[in-house]
Trainee: 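Handing you a structure now.
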Amino acid sequence: MNQPRFCSIRRRLLGAGAAVLIAATGYLTPAIAQEDTFKVGSTPTGVPFTFLDVNSNSIQGVMIDIVTAIGEQESFKPDVQATQWSALIPSLTSGKIDIIAAAMYATEERAKVVDFTDTVYSYGEGLFVSNDDTTDYKSPKELEGKTIGVQVGTAYIEPMKALGVFKEVKIYDSIPDIMRDVQLGRIDAGFGDRPIVAYQLSKGAAKVRLVKSYESTVSGNVAMAVQKGNDALRTRLNDGLKKVKDTGKLDEILAKWGLD
């Protein structure tokens, strides 16, 4: 008659025993152990590195796949936060995010305020003009006297201004904004991250063309970033990145997005 009550007491005793065992041994089964979660800042307009996928309403792309793969190796979960390009570094330094995973060059100037991981991918700037402009430009100097557009926060702004050959260097929030004004004839040409421009144009983003004869003048290494002095997280990311490279997973991700 008292069996249900006995079973209930037995379950409580077993539960208490398990708690004592865990406390004594410090052992947690994989099902019980919790992964770390890090907030990852990524831009919604950097296809194919990072972009907003309207179907899933989430940020997707090369850098998301890479930081996710690193998380699998290093037992952490990336909580991706959509962050505008100009807000990436301020968000990191203020503690709103823990990691920047975007198409960001690891420049000396940026390294003064954040710490970068090892290199993930390397590339330079691409030049795009309207379809009506059929000139095979090879260098920026061949655009002397013209008005160009460059994305805010990129490493191309100061070098282009320093050339002193353009009528005006206009700064835009995103590459699609530059493409729009090139297409409408408001500016003569635009500069942006070559793989991003190429990917967007392959999807019919605008009636402009990437100048294949153009030779990049500013090349850089893309890396992830953490807060200055956060050596533990930086080391963890580097360890995971090495594993992702060694297993061939990085090559697989790059090939998936047409960057092989």
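All values reported here derive from a predicted model rather than from experimental measurement.
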Trainee: Look up atom CZ in F116 and atom CG in N221, then write down how far apart they are to the nearest 0.5 Å.
Mentor: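 So the gap between those two atoms works out to 10.5 Å.
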Trainee: Evaluate Q227 against V114 for side-chain contact (heavy atoms from CB on, under 4.5 Å), listing each step before the verdict.
Mentor: CA-CA 5 Å; Q227 278 191 330; V114 302; over 6 Å; no
Trainee: Can M179 and L201 be said to form a side-chain contact (heavy atoms from CB on, under 4.5 Å), step by step?
Mentor: CA-CA 10 Å; M179 289 182 174; L201 292 180; 3.8 Å; yes
Trainee: For K243, I'd like to know if atom NZ has over 12 heavy atoms of other residues, nucleotides or ligands within 6.0 Å.
Mentor: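 It does: K243 NZ has more than 12 such atoms within range.
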Trainee: So, do F191 and Y214 have ring centers that fall under 6.0 Å from each other?
Mentor: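 Centroid distance F191-Y214: below 6.0 Å, so yes.
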Trainee: If only atom types and distance count, is the side chain of S42 paired as donor or acceptor with the main-chain N or O of A101 below 3.5 Å?
Mentor: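 Confirmed, S42 side chain pairs with A101 backbone.
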Trainee: Which heavy atom in A155 sits nearest to a heavy atom in V218, and how many Å separate them?
Mentor: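 Smallest interatomic distance, heavy atoms only, reads O-CG1, 4.0 Å.
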Trainee: Could you tell me the separation between the CD atom of E125 and the CZ atom of R194, rounded to the nearest 0.5 Å?
Mentor: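 Here the interatomic distance stands at 9.0 Å.
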Trainee: Answer with yes or no whether the side chains of Y123 and Y105 bring together a donor and an acceptor at under 3.5 Å.
Mentor: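 Judged by distance alone, the side chains do not pair up.
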Trainee: Evaluate M160 against F166 for side-chain contact (heavy atoms from CB on, under 4.5 Å), listing each step before the verdict.
Mentor: CA-CA 8 Å; M160 293 302 171; F166 303 113; 4.0 Å; yes
Trainee: For a quick test of reading the model, state the closest non-hydrogen atom pair linking V152 to I157 and the distance between them.
Mentor: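 Heavy atoms of V152 and I157 come nearest at CA-CD1, 4.0 Å.
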Trainee: Going by side-chain contact (heavy atoms from CB on, under 4.5 Å), V182 matches just one of N131, V208, D188. Which one?
Mentor: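 Of N131, V208, D188, side-chain contact (heavy atoms from CB on, under 4.5 Å) with V182 is met by V208 alone.
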Trainee: With a 4.5 Å limit on heavy-atom distance, are the side chains of V222 and M104 in contact?
Mentor: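 No, too far: nothing below the 4.5 Å cut-off.
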Trainee: Please tell me whether D79 and T37 have a donor and an acceptor in their side chains that are separated by less than 3.5 angstrom.
Mentor: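 Absent: no donor and acceptor within the cut-off.
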Trainee: With salt bridge (charged side-chain N to carboxylate O under 4.0 Å, His left out) as the rule and sequence neighbours excluded, what pairs involving residues 42-67 come up?
Mentor: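 Applying salt bridge (charged side-chain N to carboxylate O under 4.0 Å, His left out) to every pair that reaches into residues 42-67, excluding sequence neighbours, yields D65-K256.
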Trainee: I'd like to know if the side chain of S58 pairs up with that of Q60 as donor and acceptor (distance under 3.5 Å, no hydrogens or angles considered).
Mentor: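 A donor-acceptor contact under 3.5 Å links the two side chains.
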Trainee: If I take atom CD1 from residue I70 and atom CG from residue D239, how far apart are they, to the nearest 0.5 angstrom?
Mentor: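 One gets 10.0 Å once the value is rounded to the nearest 0.5 Å.
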Trainee: With side-chain contact (heavy atoms from CB on, under 4.5 Å) as the criterion, how do L250 and L254 come out once you've worked through the C-alpha distance, each side chain's angles and the decisive distance to 0.1 Å?
Mentor: CA-CA 6 Å; L250 179 61; L254 294 176; 4.2 Å; yes
Trainee: For the CG atom on D173, are there more than 12 heavy atoms of other groups (residues, nucleotides or ligands in this structure) within a distance under 6.0 Å?
Mentor: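 Open: at most 12 neighbouring heavy atoms sit under 6.0 Å from CG of D173.
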Trainee: Taking W85 for the side chain and G153 for the main chain, is one N or O donor matched with an acceptor at less than 3.5 Å?
Mentor: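 Such a contact is found between W85 side chain and G153 backbone.
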Trainee: How long is the span from the CG atom in D181 to the OG atom in S130, to the nearest 0.5 Å?
Mentor: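 Atom-to-atom, D181:CG and S130:OG are 12.5 Å apart.
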Trainee: Looking at I196, is its backbone amide N or carbonyl O close enough to the side chain of D193 to form a donor-acceptor pair, meaning the two atoms are under 3.5 Å apart?
Mentor: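 No, D193 side chain to I196 backbone: no donor-acceptor pair under 3.5 Å.
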Trainee: Any chain of hydrophobic side-chain contacts (each under 4.5 Å) joining I175 to L184?
Mentor: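 Result: no, two separate clusters.
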Trainee: Name all residues meeting the side-chain hydrogen bond (donor to acceptor under 3.5 Å, both in side chains) criterion together with D133; count only those two or more places apart in sequence or in a different chain, and write none if there are none.
Mentor: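 D133: side-chain hydrogen bond (donor to acceptor under 3.5 Å, both in side chains) contacts with T135, Y137.
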Trainee: Taking V244's backbone N and O only, do any of them form a donor-acceptor pair with Q73's side chain (distance below 3.5 Å, no angle check)?
Mentor: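 No, the answer is negative, given that no donor and acceptor are paired below the 3.5 Å cut-off.
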Trainee: With heavy-atom distances below 4.5 Å as the criterion, would you say the side chains of I97 and V40 are in contact?
Mentor: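 A side-chain contact is absent here, since even the closest heavy-atom pair is not under 4.5 Å.
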Trainee: Any heavy-atom pair between the side chains of I148 and I187 that's under 4.5 Å?
Mentor: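 Contact flag for I187/I148 side chains = no.
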Trainee: With no hydrogens and no angle check, just 3.5 Å: does a side-chain donor-acceptor pair link T50 and T43?
Mentor: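 T43 and T50 do have a side-chain donor-acceptor pair below 3.5 Å.
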Trainee: Is there a side-chain contact between L233 and F38 in this structure, where contact means two heavy atoms from C-beta onward sitting under 4.5 Å apart?
Mentor: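 Heavy-atom side-chain distance check passes, below 4.5 Å.
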Trainee: Should we say atom NZ of K245 is surrounded by more than 12 heavy atoms from elsewhere, each under 6.0 Å from it?
Mentor: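 More than 12 within 6.0 Å, yes.
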Trainee: Might you point out which heavy atoms bring Y156 and V150 nearest each other, and give the distance in Å?
Mentor: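 Closest pair (atom of Y156, atom of V150, distance): CB-CG1, 3.9 Å.
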Trainee: Would you find a donor on one side and an acceptor on the other, under 3.5 Å apart, between the side chain of S216 and the backbone of S219?
Mentor: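 It does not hold such a pair.
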Trainee: Heavy atoms only: give me the nearest A223-V120 pair and the separation to one decimal.
Mentor: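 For A223 versus V120, the nearest heavy atoms are CA-CG2, 4.1 Å.
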Trainee: Any salt bridge linking K167 with E144? Criterion: basic side-chain nitrogen under 4.0 Å from a carboxylate oxygen.
Mentor: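 No salt bridge links K167 with E144.
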Trainee: For P78 and T68, work out which heavy atoms get closest and say how close.
Mentor: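 For P78 versus T68, the nearest heavy atoms are CG-OG1, 3.9 Å.
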Trainee: Would you say the side chain of M63 lies within less than 4.5 Å of the side chain of M224, judging by non-hydrogen atoms?
Mentor: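 Counting from C-beta outward, M224 and M63 do come under 4.5 Å.
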Trainee: Please report whether the ring centroid of W257 lies less than 6.0 Å from that of Y121.
Mentor: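 Judged by ring-centre distance (under 6.0 Å), Y121 and W257 do not meet the cut-off.
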Trainee: Are K228 and D115 within salt-bridge range, i.e. N to O under 4.0 Å?
Mentor: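 Yes, K228 and D115 are salt-bridged.
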Trainee: So do the side chains of L127 and L143 get within less than 4.5 Å of each other, counting heavy atoms only?
Mentor: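 SC-SC contact between L127 and L143 confirmed.
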Trainee: Find the distance between CG (D98) and CD (Q81) and round it off to the nearest 0.5 Å.
Mentor: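 So the gap between those two atoms works out to 9.0 Å.
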Trainee: Give the minimum heavy-atom separation between I171 and Q151, together with the two atoms involved.
Mentor: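 Answer, listing the atom of I171 first, then Q151: CG2-C, 4.4 Å.
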Trainee: Inspect the contact between R236 and D36 and indicate whether a charged nitrogen and a carboxylate oxygen are less than 4.0 angstrom apart.
Mentor: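 Answer for the salt bridge query: yes.
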Trainee: With rounding to the nearest 0.5 Å, note down the distance linking CD1 in I178 to CD in Q183.
Mentor: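 One finds 13.5 Å between CD1 of I178 and CD of Q183.
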Trainee: Could you check if a side-chain atom of P44 sits within less than 4.5 angstrom of a side-chain atom of I59, using non-hydrogen atoms only?
Mentor: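 Of all side-chain heavy-atom pairs linking I59 with P44, at least one is under 4.5 Å.
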Trainee: Considering only NZ, NE, NH1 and NH2 on the basic side and carboxylate oxygens on the acidic side, decide whether K242 and D246 come within less than 4.0 Å.
Mentor: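 Salt bridge present between K242 and D246.
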Trainee: Assess whether a salt bridge exists between D177 and R180, defined as any Lys/Arg side-chain N lying under 4.0 Å from an Asp/Glu carboxylate O.
Mentor: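 A salt bridge links D177 with R180.
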